[in-house]
Amino acid sequence: MEARIGIRNTKSVIFKGIIVFFAFLITLPLIIILLYIIKQGAGQVNWHFLTNVPAPVGEAGGGISNALLGSFIMVLIASVIAIPVGMMAGIYLSENPKTKLAYYSGLCVDILQGVPSIVVGIVVYFWIVKPLGTFSALSGSVALSIMMLPIVIRSTEQTLRLLPASLKEAALSLGVPYHRVILKVIVPCGFAGILSGIMLSIARIIGETAPLLFTAFGNPYLSTSVTKPMESLPHLIFTYATSPYDDWHNLAWGASFILLMFVLVLNIITKLLTRKWKVQL
Amino acid sequence: MFVKENPKFVENKRLKLSNSQLKWETIFRRILIAMSVLLVLIILGVLATLILESLPSIKSLGIGFLWGKVWDPVSNVYGAYPFLVGTLLTSFIALIISVPFSYAIAIYLGEYNPKGWLSDLLKNAIELIAAVPSIIYGFWGLFVLVPIVRTFEMKIGVAPYGIGVFSSSLILAVMIIPYAASLGITLIRMVPSPLKEGAYALGATRFEVIRSVIMPYTRSGLFAGVLLSLGRALGETMAVTMLIGNTSAVANTIKDAIFGPGNTMASVIANEFTEADHTQYLSALIELGLVLFFVTVIINLIGKRIITRFTNE
């Protein structure tokens, strides 16, 4: 009897050991990747790197200003498209959870979340690139905004659902019209949750490469025209990482470092925000 | 009518204001509805575009496209078999590697250590794994993982390509762990404590509680998490494109299939879409995209269904 209990206890301890080992082992690749990118990339970054376009092969120097500006412009346009649409759809889903339309658009959000990014690239190619006859930053932005939508919608919907119904009822009973109740009472109350959803979605799309391959395409020169091809950080990393030149690899490491830092900082700010406002995402 | 007949109300500013507010209310409601309809339209549009553009290939190749073994754009022969095999192989190897890790994280953070700074730290680290862009995984894999895999392949006596299905699966495994893990944590925390306490009261050890109470209770939910991971792995493009080696030939032996270079549906689209110079070629690629779309969407929807059923119970 005593021996049997001993075996069972040992089994339990061994099992816990295995679980702890596996659970912490997975942080190893993350730490290795982070350290490696920092080691390779941090040294590349200086003022010259941030303000110059990539140099041709064989020339020293060169930077990634075209990709920085391109990513900024495309994410900005994508946000301008996706945030209003996503918030409105999210408000509709949280306000009318029982209607048929809510069921179908909820289903569509689920589907949209699962669509591979490369498929979004193909579709936007046929929607915008082909009719316009050229790769363009605008089509890249549209592709990114489609990737952004589900996160914005879900965070808006879930945040607003958590708000107490009495808030809305109090405002309505004072005779405030419906749209003002939503825009001036409900949305400000759930602002932190919606904002963290928006920031997460930006952190997600800034690193997306696949939808940009057939839309924004890439451009070795500084360009601000939205109807022309435009470079972006992840696309620059892709092109230069797969090239055979060491200079270009270094450029790509520097760009990876900046991209990674941007994504990490956005994620950490979102974390702090959700903790301060006690938002559940 | 009322306003016109009664001159007393004509100059009533308050009434005018409330009328305009009412108008805005209707407009606002309509905008909300329009945005939700737009979502449905986007999905229908995606589906319609994919089907329309792949029609030439569907018509000429039929269902045989799916198991045609040769993909040779130069002689206009298209078969999806190499890519189907490549996609399934990378995803399933990645899944097999990642499942023990995601289950371990779920059990550790859900049951052993649900609170405290260590638990928070680990949970944030897991979320960061999901936040790192896939292009960075690909870049790192190409320069760090590939040489390691190459040495490993030399040791076990297969052709040392380095790049290939195995390297892609390793990177994919890391990338998909967070999806199953974070869902698993939430689900394991939802196991009612009377169930666990009952088992402890009967003298069960912690391992026995996990094996006979927590696991059976959360089985379907954990499975749904694995499905979400799988959906992620199937559609992942950039990291795989950089690591898989991109050959459309079918490997002869199992060893070659696992350690040699290959291609997935997503990677072949990424590589060849802009090079496709005639309609047949392009529409064959889009048909691959259509297949990919259906497979990932169905897997995701099944996963989501299981989760909603689980959380509503």
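Computed from a predicted structure; not experimentally measured. In what follows, every chain begins at residue 1, and chains take the letters A, B, ... in the order their sequences are listed.
Looking at I269(B), both its backbone and its side chain come within 4.5 Å of chain A, counting heavy atoms on both sides. Heavy atoms closer than 4.5 Å to chain A are found in both the backbone and the side chain of I33(B). The contact between V144(B) and chain A is made entirely by side chain atoms (from C-beta outward), counting heavy-atom distances below 4.5 Å. Looking at H249(A), the atoms closer than 4.5 Å to chain B (heavy atoms on both sides) sit in the backbone and in the side chain alike. Only the side chain of L50(B) has a heavy atom closer than 4.5 Å to any heavy atom of chain A. In this structure, chain A has heavy atoms under 4.5 Å from both the backbone and the side chain of I42(B). For I210(B), the part lying under 4.5 angstrom from a heavy atom of chain A is the side chain only. Within the 4.5 angstrom heavy-atom criterion, no atom of L170(B) approaches chain A. For Y112(B), the part lying under 4.5 angstrom from a heavy atom of chain A is the side chain only. For L101(A), the part lying near chain B is the side chain, with the backbone staying farther off; criterion is any non-hydrogen pair under 4.5 Å. Interface remark: I171(B) contributes no atoms to any contact with chain A (heavy atom separation under 4.5 Å). The contact between L39(B) and chain A is made by backbone and side chain atoms together, counting heavy-atom distances below 4.5 Å. For E208(B), the part lying near chain A is the side chain, with the backbone staying farther off; criterion is any non-hydrogen pair under 4.5 Å. For chain B, no part of I14(A) is nearby; none of its heavy atoms comes within less than 4.5 Å. Using a 4.5 Å cut-off between heavy atoms, A252(A) touches chain B through backbone and side chain atoms alike. Of the two parts of T205(B), the backbone and the side chain both hold a non-hydrogen atom closer than 4.5 Å to a non-hydrogen atom of chain A.
Of the inter-residue distances, the one linking L32(B) atom CG with I182(A) atom CD1 reads 7.0 Å to the nearest 0.5 angstrom. Distance check: I129(B) CD1 to L30(A) CG gives 5.0 Å after rounding to the nearest 0.5 Å. How far CG of L233(A) is from CD1 of I135(B): 11.0 Å, rounded to the nearest 0.5 Å. Taking OG1 of T209(A) as the reference point, atom CE of M242(B) lies at 8.5 Å (rounded to 0.5 Å). Distance CD1/I19(A) to CD1/I105(B): 10.0 Å, rounded to 0.5 Å. Atom-to-atom distance recorded for L213(A):CG and F273(B):CZ is 10.5 Å, nearest 0.5 angstrom.
Counting only heavy atoms from C-beta outward, the side chains of V115(A) and T296(B) never approach each other to under 4.5 Å. Contact annotation: the side chain of Y92(A) never approaches that of M35(B) to less than 4.5 Å [non-hydrogen atoms, C-beta and beyond]. With a 4.5 Å cut-off on side-chain heavy atoms, D110(A) and N300(B) do not count as touching. The side-chain heavy atoms of L234(B) and P116(A), taken from C-beta on, include no pair separated by under 4.5 Å. Residues L301(B) and L107(A) meet the side-chain proximity criterion, which asks for heavy atoms closer than 4.5 Å. Considering only heavy atoms from C-beta on, Y104(A) stays 4.5 Å or farther from V37(B) through its side chain. V181(A) is not listed as a side-chain neighbour of F28(B), based on a closest heavy-atom distance of 4.5 Å or more. Contact annotation: the side chain of E25(B) never approaches that of R180(A) to less than 4.5 Å [non-hydrogen atoms, C-beta and beyond].
Of the residues considered (T242(A), L112(A), I206(A), V13(A)), L112(A) shows the highest number of contacts with chain B, using heavy-atom pairs under 4.5 Å. The candidate from F207(B), W140(B), F139(B) with the greatest count of non-hydrogen atom pairs under 4.5 Å with chain A is F139(B). Comparing A104(B), A106(B), G45(B) by heavy-atom pairs within less than 4.5 Å of chain A, the highest count is held by A104(B). Put simply, of L22(B), L38(B), I31(B), N124(B), the one with the most heavy-atom pairs under 4.5 Å next to chain A is N124(B).
F22(A) has its ring centre no less than 6.0 Å from the ring centre of Y103(B).
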Next item on the list: Just do the side chain to side chain contact (heavy atoms under 4.5 Å, CB included) check on I37(A) and V132(B) with the steps written out, would you?
Entry: CA-CA 11 Å; I37(A) 300 279; V132(B) 175; over 6 Å; no
Margin query: I'd like to know whether I122(A) forms a side chain to side chain contact (heavy atoms under 4.5 Å, CB included) with F293(B), so could you lay out the CA-CA distance, the side-chain angles of the two residues, the decisive distance to 0.1 Å, and finally the verdict.
Written below: CA-CA 11 Å; I122(A) 296 182; F293(B) 175 78; over 6 Å; no
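Closest of all the heavy-atom pairs between Y108(B) and A23(A) is CB-CB, 3.9 Å.
A cation-pi arrangement is present between R29(B) and Y178(A) under the rule of less than 6.0 angstrom and at most 45 degrees off the ring axis.
Under the 3.5 Å distance criterion, the side-chain polar atoms of S36(B) are left unmatched by any main-chain donor or acceptor of S105(A). Checked by atom type and distance alone, the side chain of Q21(B) never pairs as donor or acceptor with a backbone atom of P177(A) at under 3.5 Å.
Within a 6.0 Å radius of OH in Y200(B), other residues, nucleotides and ligands contribute more than 12 heavy atoms.
With sequence neighbours left out, E53(B) forms a salt bridge (charged side-chain N to carboxylate O under 4.0 Å, His left out) with no residue at all.
Screening residues 120-145 of chain B for salt bridge (Lys or Arg N to Asp or Glu O under 4.0 Å) gives K271(A)-E127(B), K123(B)-E127(B) as the qualifying pairs, with residues at least two apart or on separate chains.
Note: W24(B) and H179(A) have tilted aromatic rings, judged against thresholds of 30 and 60 degrees for the angle between ring planes.
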